[in-house]
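Residue numbering restarts at 1 for every chain, and letters A, B, ... go by the order of the sequence lines.
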Amino acid sequence: MWAREREEREREMALDRRDSVSSAPWRGNAAGSLFFAAAEASRKLAEYVNSVIEALSTQNGRTLASLLAISSPNSFCELVASALELAKEPIKILKQVDKHAPLGDMLSNHTKCMHSYHQRRYVEAFNALEKSANMFLQEFRSWESAWAMEALHTIVYELRTLAQMADREMVANGKIPDKLKGAGSFLMKVFGALAGKGPKRVGALYVTCQLFKVYFKLGTVHLCRSVIRSIETARVFDFEEFPARDRVTYMYYTGRLEVFNDNFMGAEKKLMYALRHCHSSKRTNVRMILKYLVPVKLSLGTLPKEWLLQKYNLREYLNVVRALRRGDIKLLRHALHANEDGFLRSGVYLVLEKLEQQVYRRLMKKIHIIQKLKDPARAHQIKMEVIVKALSWLDISMDVEEVECIMAILIHKNYIKGYFSHKSKVVVLSKQDPFPKLNGRANIL
Amino acid sequence: MGHTIIAKCFQLFHQAIIYMVMDLQIIKVVIMATFSKASTYPPASVYSGPTGAWNNQSYNSYGSYPSYGGYSAPNSSSNLNAVSAQSQYQQECQQWADYYASLEPKVQSATVTSSAPGTEPDIPSAVSLCTSTPTYASVVAQGTSNNFYSAVNQPPPPGTQPSWQVPAPSHFETASQHLSSTTGTINNGSQWDTALMQLPVNDSYGQSSEHFQQVQNNNSLQQEQQDPLPSSQQDTHVTHIPEPSPSDHQKPLKFHSSVQQFTSLEASKQRMSKLQIPTNPRITQNLGVVISNGPKGALPDSSKPQKPAYISIRGKSSINKVSSDDIADATLQPGMFPPSLRAYVERALALCKDDAQKAVCQDYLKEIITQASCDGSLFSKDWDIEPLYALSSMLAKGISKQVAASVKLDSVSTRRVKSRWEPVGEKLEDIKDSIDADSSKTEVLEGSKGQEFAVSPKKWEKQETTWINQQQHHITSTKPSKRGGQKIKKPDPGTGGVGTSSESDTDLDQGGFHLGSLLTTETPEEKRKRQTRTKRFERSKEYSGPKGSTKPKLQGNASSRRASAIRLVMSVGDVNGQAVEDINWDSLTIRGTCQEIEKRYLRLTSAPDPSTVRPEDVLRKALAMVQSTPKNYLYKCEQLKSIRQDLTVQRIRNEFTVQVYETHARMALEAGDLAEYNQCQAQLKGLYSEGISGSYNEFTAYSLLYMVFQNVNNRDLLSSMARLSHAARQDEAVRHALAVRSAVATGNYTSFFRLYRTAPKMSSFLMDLHVERMRFEAVKCMSRSYRPTLPLSFMARTLGFSSLSLVNGLDEKESDGLEDCEEWLKTHGAQVVYESSTNELMLETKMSAATLFMPEPEDVVPHGDANLAVNDFLTRS
């Protein structure tokens with residue numbers, strides 16, 4: 001019953017918004033219309049303020065969130081911005097909130113932010129929003145229940161995105177960007193307000209994910225650790241109780257962190273979790289997850305089907321996978337070189353680089369198979385010269401010592417079972433399982 | 001300390017506004033006085049020896065001031081002196097430093113001739129020196145069409161205080177006398193204000209003409225100094241009487257508001273020479289300030305009333321003016337509030353019926369103007385249509401300020417010309433404004449003058465600080481009396497506010513206003529004297545200063561520099577971060593004068609002393625010396641550090657800087673001093689990013705290697721790899737570094753030690769860092785994968801022990817490698833056996849695999865940094 005009424009009101013407000021957009025052209029045509037516009041703007045602003053008051057008093061978090069949204073396509077930003085420009089005494093109208101809740105200052109800052117945002121002055125907008133957000137957080141702390149979680153999340157999101165825009169603006173103006181950093185420290189405050197026991201903890205993971213985004217952007221990923229610890233060690237709250245969207249994001253980022261730490265097993269686990277829980281319709285998200293999952297899986301010895309790479313437009317991995325299948329060192333090097341910049345930027349270069357040893361292993365396996373066909377009795381002895389010759393067919397020129405070194409490493413790292421005889425220059429493969437499965441191996445050595 | 005300064009500045013600003021209001025009144029007084037007292041009016045012009053016309057005019061009243069009789073004769077000669085000197089000054093006036101320097105001795109010479117009876121020699125000197133004032137003013141006027149600039153450039157205001165202490169008493173005495181005489185007329189009108197208001201209306205013609213004459217006298221005086229023709233004076237007088245006089249009663253106010261305006265009118269007739277006028281009053285104002293505020297308590301009460309030598313009081317009002325300029329709109333026309341505002345104030349005051357009302361009205365006006373200048377609407381507001389009725393009705397009831405405050409309109413700031421440090425924060429605005437104005441002053445001075453004025457800015461900084469203090473003093477002393485304007489009605493001629501201190505301050509103020517306004521328009525002598533005092537003050541300052549006049553021009557005064565730096569920082573620090581970037585650090589940067597090539601490194605604990613800092617050319621020699629010296633690294637490192645320090649304190653960042661850091665980085669690498677290397681590398685990164693050229697690729701390679709070997713996290717390594725340009729990747733050193741990274745990543749010891757052997761430049765020194773670990777990994781790998789044994793010769797070759805042998809191709813060397821290898825293997829727990837069949841040492845791999853260990857580093861020291869072990873250090877280098 002209530003909900004329907006509220007919906008209707010929202011629809012009304014949405015209509016209003018459209019009104020204001022369409023009415024924009026005629027404003028300022030004449031003094032009379034200007035006056036009219038001012039009155040109209042005041043009315044709209046008052047209406048906006050009233051709906052905020054309404055949302056506060058009815059504790060309607062969703063409505064409040066939509067009222068406070070700035071960058072979303074149907075936010076009130078434009079309405080408020082134009083009303084602020086035209087209305088005669090916007091402050092007076094905004095101060096009305098004070099009577100109902102101590103959020104008057106917050107709202108005046110928030111509308112100021114909307115105004116600045118509308119005029120694309122992002123640094124100003126960010127500064128205003130930061131003030132607004134601080135005030136809101138103060139209020140939020142005092143509320144027992146978590147009804148305003150959605151609104152808080154909206155503010156957190158807006159603050160982060162706005163900080164990025166503000167930073168871009170600052171860079172364009174030749175200043176040192178520091179807004180995203182500021183947003184990061186504010187998010188940390190929000191996290192502190194949520195991470196404790198109680199009903200508000202549900203919202204903590206969302207803030208964590210936003211923090212990850214900030215830290216990854218800033219390149220200060222080491223700061224993630226404390227947040228992760230707080231999320232993963234807390235026993236009062238089961239991870240599965242967090243919303244799915246936050247869980248997926250969280251696992252994606254922690255998986256990436258594991259990639260940086262060369263912990264491929266952990267990375268695989270987290271990224272697989274993310275992939276499994278990610279909604280299949282969110283193709284870009286799936287692609288983002290796969291972008292890291294594929295190299296991790298490769299290094300663990302699992303090769304993806306080509307159609308998967310095609311489907312999610314991960315062509316950069318196609319040749320890498322082919323090289324792995326064929327044992328073609330040259331192709332791998334070529335693939336790495338061709339996409340070097342992209343791999344370096346996404347951070348998987350070092351992972352892919354280590355695939356070279358797998359390619360050598362594949363090559364050895366192939367030689368072994370061929371020898372087996374020829375002479376099963378002596379198949380486990382692979383002469384150095386054979387390997388060198390095979391490599392030279394692949395246009396890789398290496399002298400015996402280098403190949404020897406690579407073989408030693410392969411044996412050392414357990415890619416190949418066997419030993420190397422320096423005296424006779426022969427790799428002697430183990431008779432049982434000379435090429436052990438890679439699963440669970442890559443991260444040990 | 002900072003707080004108090006800010007607070008004081010705030011007061012100052014307020015004060016300025018108040019005085020602006022009062023200023024308007026003074027103008028009236030001036031007009032009235034000049035008008036009514038023309039005959040008895042004894043201007044300070046007595047001093048002006050060369051200007052015959054002046055003397056003629058005022059000598060009739062001269063007799064009543066006996067002490068001055070003695071003055072006139074010697075003065076004339078001294079003035080002549082000064083005048084002749086002055087022509088020289090005019091040419092060199094553009095350079096303040098030189099100007100002052102040259103001025104001083106001459107002044108002294110002049111002083112000798114004119115030591116007056118009964119007074120300190122200071123006074124005559126002041127007199128003679130004052131002749132230069134007009135020139136100064138004219139220079140300013142000519143040099144800059146912008147009046148603000150001239151105001152800023154006025155050197156004397158800040159520093160004069162001490163110097164005039166002695167002469168002050170007599171002047172004040174006379175001033176008070178003057179006051180009594182002038183106020184006598186004022187008292188005639190029962191309603192002072194109304195009288196004022198009416199007077200212009202009634203007699204606007206005569207009055208204004210009279211006044212013009214005064215100004216004109218002033219003009220002609222100045223003119224004469226360039227071309228002394230007494231007769232011409234009369235002409236100018238004549239020409240000025242028909243000056244278009246104000247038709248409405250607003251004029252008197254306006255008139256004073258801009259002597260410039262007035263003179264600009266004249267200038268159209270009289271051409272260049274008149275240009276001097278605009279600045280003159282301002283100078284006297286500034287000087288006057290000091291006089292009226294000084295430590296009067298110390299002034300001896302001289303019993304003899306003397307002729308008013310000069311009028312300080314004018315300065316009183318002027319200080320307000322000046323400061324308000326500085327504060328409210330440093331770049332606008334100096335001291336001038338919009339005429340419409342003046343008219344508005346006048347209208348408001350006209351409505352007042354008695355003193356009480358006036359007081360309230362003034363308060364109210366003060367608030368309005370403060371408000372307006374705060375929010376920037378001072379110049380945008382249309383004062384002509386600003387409602388008066390509200391305040392008039394309020395005044396009638398005598399409503400308190402609070403009510404008045406509510407009437408204020410908070411108009412949106414539209415335009416506000418300010419210093420560029422203008423704070424964004426609104427709350428502290430007014431406070432900062434004053435500071436800002438100050439700092440901007442310094443800024444302008446330093447910025448605009450450039451090198452040749454190297455000395456004067458320094459003086460300025462000092463003066464400015466003292467000036468602030470002074471102003472503070474002024475504020476505090478006059479604050480209680482700021483509404484003294486009403487008392488003007490009944491000044492007590494007896495007290496005169498001369499020698500007595502605080503209680504008579506108010507009277508003094510008022511008296512000051514009268515006299516000042518009466519007289520400032522007159523004599524250039526006045527200014528001359530004031531300037532002398534300033535001069536003297538400056539001189540004493542110089543003597544007392546820590547490194548004053550004894551040091552060469554280039555040497556900065558460290559303490560003053562720091563003081564100004566602190567002030568700058570203070571003025572901007574708490575506003576917002578961006579403003580700090582605007583500080584002109586260039587003006588604070590020192591230039592070294594030390595010529596020693598060698599210098600010990602000492603970590604600075606205070607501001608650098610220029611005498612111990614070497615300029616760049618000496619540093620270049622020092623670098624060359626370091627590069628060629630046969631001494632050990634310890635010595636080189638210290639020398640390089642001191643070079644780096646000198647570069648830093650002088651903020652030299654160019655190719656040479658890069659060269660120094662590169663040299664030090666290489667030497668540090670050679671000596672294995674990683675800490676120093678790291679510092680240099682960090683500095684080089686910044687220098688390169690500023691676009692300063694150097695061995696960029698070489699050091700990129702080093703930093704890559706360093707990152708690889710220091711096990712920085714993958715992300716950092718990746719990002720620095722991603723940042724490499726394609727050009728950089730083609731570079732030999734960078735390619736080598738990348739190959740090394742790859743070898744380390746895959747554990748490929750063969751290629752690592754091959755790369756070790758072929759390392760370009762200093763890369764091998766960095767690779768040394770990793771050799772030990774790489775060898776260990778390699779042996780571990782070998783012992784796991786090779787069976788049953790591995791010849792040591794192969795290992796020595798593969799693990800880089802025998803690099804020398806490859807170069808020389810000598811058996812001896814090769815065996816050396818073998819021995820090293822064997823020893824290394826043994827210390828790491830490997831099992832080495834002798835194979836008799838091949839006469840070779842072999843590694844027993846299976847056994848070794850279990851026993852290999854990494855020994856504790858031998859050169860470990862308790863504090864963890866082997867580089868700090870002095871003995872080791874000395875032997876190494």
Undergrad: Got a salt bridge between A:D341 and B:R729, using NZ or NE/NH1/NH2 to carboxylate O under 4.0 Å?
TA: yes
Undergrad: Take atom CZ of B:F709 as the centre, draw a 6.0 Å sphere, and report whether it contains more than 12 heavy atoms from other residues, nucleotides or ligands.
TA: yes
Undergrad: So do B:R784 and A:K413 actually touch side chain to side chain, heavy atoms under 4.5 Å?
TA: no
Undergrad: Is B:M782 in contact with chain A via its backbone, its side chain, both, or neither, using a 4.5 Å heavy-atom distance?
TA: neither
Undergrad: Just jot down the side-chain hydrogen bond (donor to acceptor under 3.5 Å, both in side chains) partners of A:N339, sequence neighbours excluded, or say none.
TA: none
Undergrad: Supply the atom-to-atom distance A:K423 NZ to B:Y786 OH, rounded to the nearest 0.5 angstrom.
TA: 15.0 Å
Undergrad: Got B:R754 and A:E401 here, is their nearest side-chain heavy-atom distance under 4.5 Å?
TA: yes
Undergrad: Ignoring hydrogens and angles, write down the donor-acceptor pairs under 3.5 Å from the side chains of residues 217-225 of chain A, residues two or more places apart or on other chains.
TA:
none

Undergrad: For chain B, find which of A:G418, A:C405, A:G347 contributes the most heavy-atom pairs closer than 4.5 angstrom.
TA: A:C405
Undergrad: Roughly how far, to the nearest 0.5 Å, is the OG atom of B:S785 from the CD1 atom of A:I406?
TA: 12.5 Å
Undergrad: Under 6.0 Å from the OH atom of A:Y253, do we count more than 12 heavy atoms belonging to anything else shown?
TA: yes
Undergrad: So what's closer than 4.5 Å to chain B heavy atoms on A:E356: side chain, backbone, both or neither?
TA: neither
Undergrad: Return the NZ to OG distance between A:K354 and B:S742, rounded to the nearest 0.5 Å.
TA: 10.5 Å
Undergrad: In this structure, are over 12 heavy atoms from other groups packed under 6.0 Å from B:E732 atom CD?
TA: no
Undergrad: In Å, rounded to the nearest 0.5 Å, how long is the span from CZ of A:F420 to CG of B:L790?
TA: 9.5 Å
Undergrad: Side chains of A:S421 and B:R787: closer than 4.5 Å at any heavy-atom pair?
TA: no
Undergrad: So for B:S783, is it side chain, backbone, both, or neither that comes closer than 4.5 Å to the heavy atoms of chain A?
TA: neither
Undergrad: Test side-chain contact (heavy atoms from CB on, under 4.5 Å) on A:L350 and B:R741 and set out the steps.
TA: CA-CA 10 Å; A:L350 299 183; B:R741 185 207 61 78; 3.2 Å; yes
Undergrad: Hey, what's the ring geometry for B:F794 with A:H422, parallel, tilted or perpendicular (30° and 60° as the breaks)?
TA: tilted
Undergrad: Return yes when atom NZ of A:K383 has more than 12 non-hydrogen atoms of other residues, nucleotides or ligands closer than 6.0 Å, and no otherwise.
TA: no
Undergrad: Does the side chain of B:L718 reach to within under 4.5 Å of the side chain of A:F260, using non-hydrogen atoms?
TA: yes
Undergrad: Do the non-hydrogen side-chain atoms of A:I409 and B:T746 ever get within less than 4.5 Å of each other?
TA: no
